[in-house]
Amino acid sequence: MTLGDRLVVLDRGQIQQIGTPLEVYQKPEHLMVAQFLGTPPMNILDATYADGGFQLGTQIIPCPELWQRRLPSPPREPVKLGIRPEHLYLVADGLSLPIQLSLVRQLIEPLGSEQVIRAVLCDQPHQRLQLRVRADISVPEHFVVSAQPEDWHLFDGRSGQRLM
């Protein structure tokens, strides 16, 4: 990504996306591209659309107006929600972002000035997330993360194509 002005991402001989490194990273057009770029890679969660939001076990991510304007109609099939680890924030005093998820910490990976936290959704242990936090922050076993609606990516659960 640092050597080229344009990238071509291939999957089994098929072009998945062409663009600048930043375009491909920030707006992957396919689930494969989203998972291929980034360290740690994009978090991908299985979800279904129900009652005006995306359901992840018993947790629901409300479908904000921003998403409703972009989606021509609510998806009827299962979807994949994606979010980059750097777009998840620990819920702390005074921080109240629109989307929140309850997690259980599994592993802390210290990387010097920061640490990567590996966690699972409280009621969906097969749904894993990673987030980055400063090295001096203590993360309890049970914690909540939040995110902005514009930082999420929505992919078709079958084809992997970007929906939003």
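Nothing here was measured: the structure is a model prediction, and the numbers come from that model.
A 4.5 Å side-chain heavy-atom check between Thr20 and Leu7 finds every atom pair outside the cut-off. Arg6 has its side chain within reach of Glu23: a pair of non-hydrogen atoms, C-beta onward, lies under 4.5 Å apart. In this structure, Asn43 and Arg128 have side chains that are not in contact, with every pair of non-hydrogen atoms separated by 4.5 Å or more. By the 4.5 Å heavy-atom criterion applied to side chains, Pro28 and Gln16 are not counted as neighbours. The shortest side-chain heavy-atom distance between Ile44 and Leu81 does not fall under the 4.5 Å cut-off. Between Pro149 and Ile99, some side-chain heavy-atom pair lies under the 4.5 Å cut-off. Using a 4.5 Å heavy-atom threshold, the side chains of Gln106 and Val120 count as touching.
Gln59 meets the side chain to side chain contact (heavy atoms under 4.5 Å, CB included) test with Leu101, Ser102, Leu121, Cys122, Asp123; sequence neighbours excluded. Checked against salt bridge (Lys or Arg N to Asp or Glu O under 4.0 Å), Arg118 has the following partners two or more places apart in sequence or in another chain: Glu109. Annotation: side-chain hydrogen bond (donor to acceptor under 3.5 Å, both in side chains) contacts of Asp11 (sequence neighbours excluded): none. Residues satisfying the salt bridge (Lys or Arg N to Asp or Glu O under 4.0 Å) criterion with Asp5, sequence neighbours excluded, are absent altogether. Residues passing the side-chain hydrogen bond (donor to acceptor under 3.5 Å, both in side chains) test with Gln124: none are found, sequence neighbours excluded. Applying the ring-ring contact (aromatic ring centres under 6.0 Å, His included) criterion to Tyr49, with sequence neighbours excluded, gives Phe54. Contacts of His87 classified as side-chain hydrogen bond (donor to acceptor under 3.5 Å, both in side chains), with partners at least two apart in sequence or in another chain: none. With sequence neighbours excluded, the residues satisfying salt bridge (Lys or Arg N to Asp or Glu O under 4.0 Å) with Glu114 are Arg132. Taking Ser113 as the reference, nothing meets the side-chain hydrogen bond (donor to acceptor under 3.5 Å, both in side chains) condition, with sequence neighbours excluded. Taking the salt bridge (Lys or Arg N to Asp or Glu O under 4.0 Å) definition, one finds that Arg12 meets it with nothing, sequence neighbours left out.
The side chain to side chain donor-acceptor pair (under 3.5 Å) analysis of residues 75-84, with sequence neighbours excluded, yields the pairs Asp46-Lys80, Glu77-Arg158.
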Val79 and Asp156: CA distance, side-chain angles, deciding distance, side chain to side chain contact (heavy atoms under 4.5 Å, CB included) verdict:
CA-CA 5 Å; Val79 295; Asp156 183 274; over 6 Å; no

Would Leu56 and Gln127 satisfy side chain to side chain contact (heavy atoms under 4.5 Å, CB included), going step by step from the backbone distance to the final call?
CA-CA 9 Å; Leu56 307 158; Gln127 301 253 45; 4.2 Å; yes

Give the intermediate values and the outcome of side chain to side chain contact (heavy atoms under 4.5 Å, CB included) for residues Phe155 and Glu29.
CA-CA 9 Å; Phe155 301 95; Glu29 292 299 322; over 6 Å; no

What's the verdict on side chain to side chain contact (heavy atoms under 4.5 Å, CB included) for Val139 and Leu90, showing C-alpha distance, side-chain angles and the deciding distance?
CA-CA 8 Å; Val139 179; Leu90 288 172; 3.9 Å; yes

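The shortest heavy-atom contact between Ala135 and Gly112 is CB-O, 3.1 Å. Smallest separation of non-hydrogen atoms from Pro85 and Met42: CD-CA, 4.3 Å. Contact record, Ile83 with Ala147: CD1-CB, 3.5 Å, taken as the closest heavy-atom pair.
Clustering ILVMFWY residues whenever any of their side-chain heavy atoms sit less than 4.5 angstrom apart, transitively, puts Val104 in a cluster other than the one holding Ile117. Grouping the Ile, Leu, Val, Met, Phe, Trp and Tyr side chains by contacts below 4.5 angstrom, directly or via other members, places Leu45 with Leu163.
Ile18 belongs to a hydrophobic cluster whose remaining members, ordered by chain and number, are Val8, Leu10, Ile15; membership requires side-chain heavy atoms of ILVMFWY residues under 4.5 Å apart, directly or through intermediates.
Atom-to-atom distance recorded for Ser138:OG and Phe143:CZ is 11.0 Å, nearest 0.5 angstrom. Atom NZ in Lys27 sits 5.5 Å away from atom CZ in Arg162 (nearest 0.5 Å).
With Leu88 as the fixed residue, the side-chain contact (heavy atoms from CB on, under 4.5 Å) test singles out one of Leu129, Asp151, Val133: Leu129.
Looking at His153, its side chain never comes within 3.5 Å of a backbone N or O of Leu31 through a donor-acceptor pair. A donor-acceptor pair is defined here as one N or O able to donate and one able to accept, closer than 3.5 Å; such a pair exists between the side chain of Gln115 and the backbone of Arg134.
Residue Glu150 qualifies as enclosed at atom CD: its count of foreign heavy atoms under 6.0 Å is above 12.
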